[in-house]
2 protein chains.
Amino acid sequence: MTISEKKQPPANKQDLYRLFARIAAAMANPHRLELLDLLAQGARTVEELARESNLSIANASQHLQRLKRARLVIDERQGFYIRYRIADPLVTHLWLEIRAVASQQLTEVSVTLDAYRAQRHEFKRVSVEDLRTRLEKGTAVLLDVRPSAEYAASHLPSALSIPLEELDRRLSELPHSRTVVAYCRGPYCVLADQAAEKLQRKGFRVARLEEGVHEWQQAGYSLASAREA
Amino acid sequence: MTISEKKQPPANKQDLYRLFARIAAAMANPHRLELLDLLAQGARTVEELARESNLSIANASQHLQRLKRARLVIDERQGFYIRYRIADPLVTHLWLEIRAVASQQLTEVSVTLDAYRAQRHEFKRVSVEDLRTRLEKGTAVLLDVRPSAEYAASHLPSALSIPLEELDRRLSELPHSRTVVAYCRGPYCVLADQAAEKLQRKGFRVARLEEGVHEWQQAGYSLASAREA
DNA sequence: TTAGTATTCAAGAGAATTCTTGAATACTTT
DNA sequence: AAAGTATTCAAGAATTCTCTTGAATACTAA
């Protein structure tokens with residue numbers, strides 16, 4: 001109301017907020033979040049992303065370009081394909097943060113999540129700390145059931161990779177003497193649950209780690225990638 | 001494309017992403033981000049928020065309700081007024097994260113920020129660590145130039161409160177023997193710069209701390225609130 | 001060059017967002 | 001109760017978002 005506002009025009013404070021809002025706007029769509037979620041597990045081509053998220057190619061492409069305009073992802077030509085990937089670890093971090101807020105604030109999340117889980121078996125849960133002590137003591141083996149490309153991109157140290165689709169024919173690689181702790185992309189991913197169910201039916205002792213590689217990393221632990229494993 | 005997708009319907013994975021997207025959508029607007037930014041400094045009434053962000057009352061109210069529906073803020077009746085505040089520290093954290101991503105990803109931000117700063121003087125910058133050693137050695141005094149309500153809500157330990165508007169008539173409270181380090185709401189806030197400019201003209205040795213209370217807290221340091229000071 | 005691939009572009013219909021305006025609501029104070 | 005306050009509601013116009021469709025582009029392989 002006073003004149004002092006004009007006297008020293010705070011430049012374009014509004015522009016700054018507009019800029020920040022662009023980031024949020026780029027993430028303000030379920031499909032784009034799913035794409036980010038997938039990309040957080042590893043780079044992918046447009047076709048792969050479209051298939052995994054049940055979008056038409058053209059639609060996936062458009063969403064990806066929106067993410068790209070907001071600099072949340074980067075694209076790179078590789079022969080026939082264009083491969084998209086997360087532009088910066090900060091972006092993954094931001095996505096985890098959104099999930100964290102949602103999980104805590106919206107009680108609906110736990111409801112939806114429960115509904116989401118109700119159809120499935122519930123398995124013993126293992127915390128990150130728990131897992132570490134078990135691994136040290138040698139009372140557990142860690143199993144990564146994500147597609148092998150994601151395992152290659154990054155995984156928990158000492159994790160064995162058996163993608164869910166290969167699990168049936170690779171059961172012999174797992175011990176009955178120890179608990180098999182399965183993990184996948186994170187708390188909202190079903191791959192590990194499906195794996196655990198299979199293993200339980202086959203008589204294995206199983207548990208599920210809620211966390212995925214990013215949550216693990218955020219807890220301050222290091223990751224391994226293809227070469228080292 | 002395969003039938004296996006239907007066989008084990010991943011429940012409503014889409015619902016989860018929709019839920020997460022709501023959080024992002026609530027933040028996907030410059031005005032709402034400004035409101036959040038203000039609220040991050042302390043609770044306020046609708047009228048105050050409208051005034052400080054140059055929105056009509058009705059418009060501010062609508063934006064606030066959108067934030068409320070997403071559970072990012074909470075409202076509370078207090079006599080005549082309805083006071084809004086951040087629902088949870090996680091929300092502030094998320095807001096800082098968006099800013100961080102924006103600052104790093106969008107080169108435009110630094111451009112805009114530079115333009116934003118160009119009209120003003122640039123002052124010696126002090127890092128959080130730097131500040132701590134200076135305060136320990138007693139070679140600096142710390143000055144909070146935000147409105148007193150925000151200071152009361154929370155401030156850096158040992159900070160003296162002189163709101164920008166009162167600065168001119170309270171200069172005698174500041175020492176010439178030490179550097180005056182001014183801070184306000186954070187890196188994009190101009191209050192501290194304006195204060196520093198005034199002080200410099202009056203012959204004080206000044207510096208500016210980029211960080212605000214939230215950045216300080218996120219760096220792992222504790223804050224003080226009205227009572228203790 | 002030609003054929004073939006993955007991806008993007010362009011246009012348009014339907015839905016959601018945003019701001020404004022004027023009235024309605026929910027309180028407090030007298 | 002009556003008057004006055006801060007806030008919200010409701011409706012409508014302008015804008016933006018989203019998905020679909022079919023064509024265009026930018027590469028690779030032969």
Side-chain angles (χ1 to χ4, degrees), chain A residues 1 14-15 17-36 38-39 42-85 149, chain B residues 1 14-15 17-36 38-39 42-85 149:
Chain A
M1 298 305 179
Q14 217 48 255
D15 283 356
Y17 286 115
R18 215 191 322 273
L19 234 35
F20 298 147
R22 265 194 225 162
I23 303 281
M27 303 185 86
N29 175 285
H31 297 311
R32 287 198 292 274
L33 286 184
E34 182 165 13
L35 292 172
L36 277 182
L38 288 168
L39 289 174
R44 282 167 167 79
T45 66
V46 178
E47 194 209 0
E48 290 168 339
L49 287 164
R51 182 161 28 81
E52 294 193 62
S53 58
N54 270 307
L55 293 175
S56 73
I57 299 271
N59 199 9
S61 172
Q62 276 176 142
H63 281 304
L64 287 167
Q65 282 171 76
R66 208 147 184 293
L67 290 173
K68 178 178 155 193
R69 256 179 281 136
R71 324 255 176 131
L72 299 184
V73 303
I74 292 173
D75 66 341
E76 194 180 14
R77 184 120 214 163
Q78 265 188 15
F80 267 157
Y81 304 90
I82 289 180
R83 184 169 296 274
Y84 279 86
R85 59 190 167 82
Chain B
M1 298 306 178
Q14 216 47 255
D15 284 356
Y17 286 115
R18 214 192 321 273
L19 234 35
F20 299 147
R22 267 195 225 161
I23 303 281
M27 302 185 85
N29 175 286
H31 296 311
R32 286 200 291 276
L33 285 184
E34 182 165 14
L35 292 172
L36 277 181
L38 289 168
L39 289 174
R44 281 167 166 80
T45 67
V46 178
E47 193 209 359
E48 290 168 338
L49 288 164
R51 180 162 30 80
E52 294 191 62
S53 58
N54 271 309
L55 294 175
S56 72
I57 299 272
N59 199 10
S61 173
Q62 276 175 144
H63 280 304
L64 287 166
Q65 282 171 75
R66 205 143 186 293
L67 290 172
K68 179 178 153 193
R69 255 179 283 137
R71 324 254 178 133
L72 299 183
V73 303
I74 291 174
D75 65 342
E76 194 179 14
R77 184 121 216 163
Q78 265 187 18
F80 267 157
Y81 305 89
I82 289 180
R83 184 169 296 275
Y84 279 86
R85 60 190 167 80

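Lettering of chains follows the sequences in order, A, B, ..., and the numbering in each one begins at 1.
- In this structure, R32(B) contributes its side chain and L67(B) its backbone to no donor-acceptor pair below 3.5 Å.
- Rounded to whole Å, the distance from CG on L64(B) to P on dT8(D) is 7 Å.
- Here Y81(B) lies in heavy-atom contact (under 4.0 Å) with sugar-phosphate atoms only.
- For Q62(B), whose side chain is taken as the heavy atoms from C-beta onward, the closest listed nucleotide among dT8(C), dA10(D), dC27(C) is dA10(D).
- Closest to the Q65(A) side chain, of the nucleotides dG4(C), dT18(D), dT8(C), is dT8(C).
- For the atom pair CG of L39(A) and CZ of R85(A), the computed distance is 10.5 Å after rounding to the nearest 0.5 Å.
- One can place CD of E76(B) at 19 Å from P of dA6(D), the figure rounded to the nearest angstrom.
- Residue L64(B) holds its CG atom at 9.5 Å from CG of N59(B), rounded to the nearest 0.5 Å.
- Listed nucleotides dT8(C), dA6(C), dT8(D) differ in distance to D75(A); the shortest reach to its side chain belongs to dT8(C).
- Put simply, NE2 on H63(B) and CG on N29(B) are 4.5 Å apart, with the number rounded to the nearest 0.5 Å.
- Between R66(A) and dC17(D), a side-chain N or O to OP1/OP2 separation shorter than 4.0 Å is present.
- In this structure, I57(B) atom CD1 and dA23(C) atom C1' are separated by 16 Å, rounded to whole Å.
- Checked against dG22(C), dA26(D), dT18(C), the side chain of A58(B) finds its nearest nucleotide in dG22(C).
- Regarding contacts with the backbone of dT8(D), a side-chain N or O of Y84(B) is found under 4.0 angstrom from either OP1 or OP2.
- Checked against dT8(D), dT18(C), dA26(D), the side chain of S61(B) finds its nearest nucleotide in dT8(D).
- Atoms CZ (R22(A)) and P (dT16(D)) sit 13 Å apart, rounded to a whole Å.
- Distances shown here put every side-chain N or O of N29(B) at or beyond 4.0 Å from the OP1 or OP2 atom of dT17(C).
- One can place CZ of R32(A) at 9 Å from P of dC17(D), the figure rounded to the nearest angstrom.
- Taking for each of A25(A) and R77(A) the nucleotide of DNA chain D with the nearest heavy atom, the 5'-most of the two is the partner of A25(A).
- Protein atom CG of L55(A) is 13 Å distant from nucleotide atom C1' of dT20(D), rounded to whole Å.
- For H63(B), taking side-chain heavy atoms from C-beta onward, the closest of the listed nucleotides dT8(D), dC27(D), dC19(C) is dC19(C).
- In this structure, NZ of K68(A) is placed 7 Å from P of dC9(C), rounded to the nearest angstrom.
- Rounding to the nearest 0.5 Å gives a distance of 7.5 Å between CZ of R51(A) and OG1 of T45(A).
- Distance from the side chain of N59(B) is smallest to dT20(C) among dT20(C), dA6(D), dT28(D).
- Counting to the nearest Å, the P atom of dT5(C) and the CZ atom of F80(A) are 7 Å from each other.
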